[in-house]
Q: 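Sharing a structure, written as structure tokens. Questions coming.
Everything quoted here is computed from the prediction, not taken from an experiment.
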Amino acid sequence: MSETAAKAPGAPAVSGDANRWKALVFIALAQLMVVLDATIVNIALPSAQTDLGISDGNRQWVVTAYALAFGGLLLFGGRIADLWGRKNAFVVGLIGFALASALGGAATSGAMMFGARALQGVFGALLAPAALSLLAVMFTDAKERAKAFGIYGAIAGGGGAVGFILGGVLTEYMDWRWTFFVNIPFAIVAALGAYFVIREPEGGRNRNPLDIPGVLLSTLGLVALVYGFTRAESDGWGDSVTVGMFVASAVLLIAFVVTEAKVKAPLLPLRVITDRNRGGIYLSLGIAIIAMFGTFLFLTYYLQIVKGFTPIKTGFAFMPMIVGMMVGSTQIGTRLMTRLPARLLMGPGFLVAAVGMLLMTQLEIGSSYASIILPAMLLLGLGMGTAFMPAMSLATLGVEPRDAGVASAMVNTSQQVGGAIGTALLNTIAASATTSYIADHIGSATSKSQAQLVALEGQVHGYTNAIWFAVGMLVLAAVIVVTLVNAGRPDTTTVASGEGAEEELAVPVVAH
């Protein structure tokens, strides 16, 4: 059910929004910067760790500090965008992200690096929902919306893989510090372009007072959840602090839902997530991202450790997936989104990606890139690109303008939490399978070289076990989409049926 009437087919484009396609360039540039940052730093981490004298026990904080701030503050960032205006939040987020990146690039100690990463997360949490909600309020025509979200979805999906290439080039030929400094020109160009080009539609701000209890409960609950999964990866699922974090997260998030149902101006209006279509999108995206993040990690290790690829060669090895995502998002998804219901794109999209994952379960030490990884990546990219694009669009379609920021923040939250869960969960599965394999086979090794071979075989065995789990996650995401998402094509007519209640007529408007 949608909160506002969808734009009727054939109606003129939104007035005063003549620069929306130019605005899309700068919004997409900012999104690319945020997504790149999630992977580009991983490639540079070993070099940065050595230079700054960061211990093995503390190096995880380079990733964790960013994830905690970004994941924990996304809902708050979305609400600030609704309150300040998306353009203002977008520009402030970009400037802050650039300054935090400069601080990270100039870091002289581990503590300075951790602080810079946390600041990047804070401003990223403001920037990401502002970017997506700007698209939601600027593109209301069904066909234009399909094209805009196709481009955005391709960048959101493929940008992480581009980060591997750029991170490899910068680290190998320049210096790890450039993986931070490279954000500065991105941010400056995007901020200047946004300031002069973006014209946010009038009347879309939510000027209600800020829901302070909601901010505190959601932030602490999400931080506890993300940290719980991060700690589980390093200290185990039975660790007392890990268990305590999960219990605290559950209590805080339940209290958050109860609070939001009672306060007059909630941080997250429950109407945003109780809509079956949006709820289905958030849940399926989060589950699909669990599969994606873990696979990125395993493939990077497999290519570099088992196959001996350099960082640059590893980055380029991800190119087929980027190409697949671009085709799936900008060609298949965009062309079919106005002709088919979202579930008939997302469901098959997740299943095609699952077939790609299924191919990767056949990996062995001697597997060739061309026979298994190349086709697997193409299928994974095509499937996820096709599914991401209608998901990004439907997650904000029909939402009230005053809720656009927080609805967009929920998309990012499901992805961020899914990423944290995926990395920890799949790593744990892989590590357990590897340990078991080595214990069972190490006795047969009669030389050091054979023992090393068993260790490598154990690693690959662990990766494939975890990838089987990822296949199941993608199938589950497809089932959720087909079960919950029942919206028609984006050009269906929506009719308001009274205050606070709307009735969607899921009958496509037929053009004569």
Q: Testing the basics here: between Asp82 and Val406, what is the closest heavy-atom pair and its distance to 0.1 Å?
A: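 For Asp82 and Val406, the tightest heavy-atom pair comes out as OD2-N, 3.2 Å.
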Q: Any side-chain heavy-atom pair from Ile438 and Gln459 closer than 4.5 angstrom?
A: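 No, side chains not in contact.
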Q: Would you say Val411 and Leu285 make side-chain contact, with heavy atoms under 4.5 Å?
A: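 Yes, their side chains come closer than 4.5 Å.
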Q: State which residues pass side-chain hydrogen bond (donor to acceptor under 3.5 Å, both in side chains) with His461; sequence neighbours excluded, sorted by chain then number.
A: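 Here the qualifying residues are Asn465.
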Q: If the test is ring-ring contact (aromatic ring centres under 6.0 Å, His included), which one of Tyr437, Phe469, Phe298 qualifies with Tyr463?
A: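 Exactly one option meets the ring-ring contact (aromatic ring centres under 6.0 Å, His included) with Tyr463, and it is Phe298.
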Q: Of all heavy-atom pairs between Ala131 and Ile27, which one has the smallest distance, and what is that distance?
A: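 Heavy-atom minimum between the residues: O-CG2, 3.6 Å.
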Q: What heavy-atom pair brings Ala23 and Met138 nearest, and what distance separates the two atoms?
A: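 Here Ala23 and Met138 meet closest at CB-CE, 3.6 Å.
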Q: Which heavy atom of Ser133 sits nearest to which heavy atom of Arg86, and what is that distance?
A: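 Answer, listing the atom of Ser133 first, then Arg86: OG-CG, 3.1 Å.
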Q: Quick one: are Leu453 and Ser449 in side-chain contact, heavy atoms under 4.5 Å?
A: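 The answer is no, as the side chains (C-beta and beyond) never meet within the 4.5 Å cut-off.
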Q: Grab the two heavy atoms, one from Thr434 and one from Gly458, that are nearest each other, plus how far apart they are.
A: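 That closest heavy-atom pairing would be OG1-O, 2.9 Å.
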Q: Using the six-membered ring wherever Trp is involved, compare the ring planes of Phe180 and Trp176 and label them parallel, tilted or perpendicular (cut-offs 30° and 60°).
A: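 Rings of Phe180 and Trp176: perpendicular, over 60°.
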Q: I'd like a table of donor-acceptor pairs (distance under 3.5 Å, sequence neighbours excluded) in which one partner is a side-chain atom from residues 185-198, with atom names and distances.
A:
none

Q: Kindly state each residue pair satisfying salt bridge (charged side-chain N to carboxylate O under 4.0 Å, His left out) with at least one member in residues 235-247, sequence neighbours excluded.
A: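 Passing the test, one end in residues 235-247: Arg231-Asp235, Arg231-Asp239.
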Q: A cation-pi test, strictly: NZ or CZ of Lys307 under 6.0 Å from the centre of the six-membered ring of Phe309 and no more than 45 degrees from its axis. Yes or no?
A: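 No, a cation-pi geometry is absent between Lys307 and Phe309.
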Q: Take Leu127 and Phe70, measure what side-chain contact (heavy atoms from CB on, under 4.5 Å) needs, and give me the verdict at the end.
A: CA-CA 10 Å; Leu127 169 61; Phe70 193 89; over 6 Å; no
Q: Among residues two or more places apart or on two chains, list those pairs meeting side chain to side chain donor-acceptor pair (under 3.5 Å) that have a residue in residues 180-189.
A: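 Only Asp37-Asn183, Ser101-Asn183 qualify under side chain to side chain donor-acceptor pair (under 3.5 Å).
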Q: Kindly state each residue pair satisfying side chain to side chain donor-acceptor pair (under 3.5 Å) with at least one member in residues 355-368, sequence neighbours excluded.
A: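 As it turns out, the side chain to side chain donor-acceptor pair (under 3.5 Å) pairs with a partner in residues 355-368, which skip direct neighbours, are Ser368-Ser371.
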Q: Taking the side chain as every heavy atom from C-beta outward, state whether Leu73 and Leu222 have any pair of such atoms under 4.5 Å apart.
A: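 No, their side chains stay 4.5 Å or more apart.
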Q: Would you say the ring centers of Trp61 and Tyr227 fall short of 6.0 Å from each other?
A: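 Yes; Tyr227 has its ring centre under 6.0 Å from that of Trp61.
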Q: Taking C-beta and beyond as the side chain, do Ile373 and Met377 meet within less than 4.5 Å on heavy atoms?
A: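 The answer is yes, as the side chains (C-beta and beyond) meet within the 4.5 Å cut-off.
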Q: Quick one: which residue pairs count as a ring-ring contact (aromatic ring centres under 6.0 Å, His included) with a foot in residues 405-429, not counting sequence neighbours?
A: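 Sorted pair list comes back empty.
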Q: Under 6.0 Å between the ring centres of Trp84 and Phe90?
A: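 No, the ring centres sit 6.0 Å or more apart.
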Q: With a 4.5 Å heavy-atom cut-off, do Leu135 and Leu24 have their side chains touching?
A: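 Answer yes - side chains close enough.
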Q: Quick check: do Ser414 and Leu283 have side-chain heavy atoms less than 4.5 Å from each other?
A: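 Counting from C-beta outward, Ser414 and Leu283 never come under 4.5 Å.
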Q: Closest approach of Gly356 and Ala376, non-hydrogen atoms and distance?
A: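 Looking at all heavy atoms of both residues, the shortest contact is O-CB, 3.3 Å.
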Q: For Phe350 and Met384: C-alpha separation, side-chain torsions, deciding distance, then whether side-chain contact (heavy atoms from CB on, under 4.5 Å) applies.
A: CA-CA 6 Å; Phe350 286 140; Met384 294 304 277; 4.0 Å; yes
Q: For the pair Ile95 and Val91, evaluate side-chain contact (heavy atoms from CB on, under 4.5 Å) and give the outcome as yes or no after the intermediate values.
A: CA-CA 6 Å; Ile95 293 169; Val91 172; 3.9 Å; yes
Q: I'd like to check Met410 versus Ile273 (side-chain heavy atoms, cut-off strictly below 4.5 Å). Are they in contact?
A: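 Side chain of Met410 against side chain of Ile273, heavy atoms only: contact under 4.5 Å found.
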Q: Could you go through the side-chain hydrogen bond (donor to acceptor under 3.5 Å, both in side chains) check for Trp237 and Thr428 one step at a time?
A: CA-CA 9 Å; Trp237 296 90; Thr428 305; 3.0 Å; yes
Q: Using the side chain to side chain contact (heavy atoms under 4.5 Å, CB included) rule, pick out the option among Val471, Leu379, Thr464, Ile467 that qualifies with Met360.
A: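 Single side chain to side chain contact (heavy atoms under 4.5 Å, CB included) partner of Met360 among Val471, Leu379, Thr464, Ile467: Ile467.
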